[in-house]
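First the proteins, then the strands, lettered A, B, ... as listed; each starts at 1.
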Protein chains: 2
Amino acid sequence: MARAATTSDVFNAVAEERRRDILELLRDGELPATAVAERLGMTQPGTSKHLKVLREVGLVRDRRAGKQRLYALDARGLRAIHEWAGGFEQYWSESFDRLETYVQRLLHDDEEAQ
Amino acid sequence: MARAATTSDVFNAVAEERRRDILELLRDGELPATAVAERLGMTQPGTSKHLKVLREVGLVRDRRAGKQRLYALDARGLRAIHEWAGGFEQYWSESFDRLETYVQRLLHDDEEAQ
DNA sequence: GCGTCACTTTCCCATATGGGTATATGTTGC
DNA sequence: GCAACATATACCCATATGGGAAAGTGACGC
């Protein structure tokens, strides 16, 4: 097997930095595909592909406006990520304490080794 | 170019569900690699590879304990993800409203088209 | 209908993945 | 030193990626 498809998951879709950039950009409002490409300095076909991935996982919506296709953020899917990471909140608060315990254990092990 | 390395980012590391499972498991405390494999029903080499990725991005730490190697969660890196997703919080709250606007615009477009 | 603009899709490629199996490394106890 | 146990690495494979270039689709204005 290979790596999971980028479209299999919001997590996978968002793993690509370019796509995170796109989402951030779209916070300011709808934009046509070309504008996204320009503002992020990406090629037009490249942008189109990234937008497709985001569309497939439901993080953006698109609507036609004449020849243009306007892309808009649909951030609801990001909530799952926020909540998943939030489930670790107490642990990253404790991390310093834990790290200290860990370091002290290492030091202790060294003493024993000598 | 291919997809970004799984070790290039916390986002990429966490895109793999198996690795998220490992992190969740380690919330209950340190575990030797074999225990992780057993509890998640993964092969030993597979687990070892996933743990390596998590180690390289700093989401787990390991220490030797005799023949065993105990892995512990270091959740600090997940904070970045939590905060990044949190930056969209107001948007997923608004999403229903936006979706409505969007749908109405679609309906409107249809009317015009007829 | 036709040219043009705005995109999307198709191809091709280099790359790295995750999974399995087999093998190597490291540590302990005798 | 050696057997046994705990992990890590090396190999192999199928797969999908992101990027670039080129070709295809759709909508508009004349």
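- With rounding to whole Å, A:Glu56 atom CD is found 13 Å from C:dT9 atom C1'.
- Relative to the ring axis of A:Phe88, B:Arg27 places its NZ or CZ within 45° and under 6.0 Å from the centre.
- Following rounding to the nearest Å, A:Leu70 (CG) and D:dA27 (C1') show an atom-to-atom distance of 14 Å.
- At least one donor-acceptor pair under 3.5 Å links the side chain of B:Arg20 to the backbone N or O of B:Ala15.
- For the pair A:Leu31 and B:Lys67, nearest-nucleotide mapping onto DNA chain C gives the more 5' position to A:Leu31.
- Atom CG of B:Leu51 is separated from atom P of D:dA8 by 7 Å (rounded to the nearest Å).
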Which atom pairs, one a donor and one an acceptor, fall under 3.5 Å between side chains of residues 35-53 of chain B and the rest of the protein, sequence neighbours left out?
from: B:Thr43; atom 1: OG1; to: B:Gly46; atom 2: N; distance (Å): 3.1
from: B:Thr47; atom 1: OG1; to: B:Thr43; atom 2: O; distance (Å): 2.7
from: B:His50; atom 1: ND1; to: B:Arg19; atom 2: NH1; distance (Å): 3.1

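- OP1 or OP2 of D:dA8 sits under 4.0 Å from a side-chain N or O of B:Tyr71.
- Checked against ring pair (Phe, Tyr, Trp, His ring centres under 6.0 Å), B:Phe11 has the following partners two or more places apart in sequence or in another chain: B:Trp84.
- The CZ-C1' distance, from B:Arg64 to D:dC5, rounds to 12 Å in whole Å.
- If you take NZ of B:Lys52 and P of C:dG19, they are 16 Å apart, rounded to a whole angstrom.
- Atom CD of B:Glu17 sits in a sparse spot, with 12 or fewer heavy atoms from other residues, nucleotides or ligands closer than 6.0 Å.
- Per the geometry, CZ belonging to B:Arg69 stands 8 Å off P belonging to C:dT27, to the nearest Å.
- Electrostatic pairing of A:Glu89 and B:Arg79 does not count as a salt bridge here, judged by no charged N lying under 4.0 Å from a carboxylate O.
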Next on the checklist: Protein within reach of the bases, or only the backbone? For nucleotides 16-22 of chain D, mark each nucleotide 5' to 3' as B, S or -, using heavy atoms under 4.0 Å.
Outcome noted: -BBBBBB

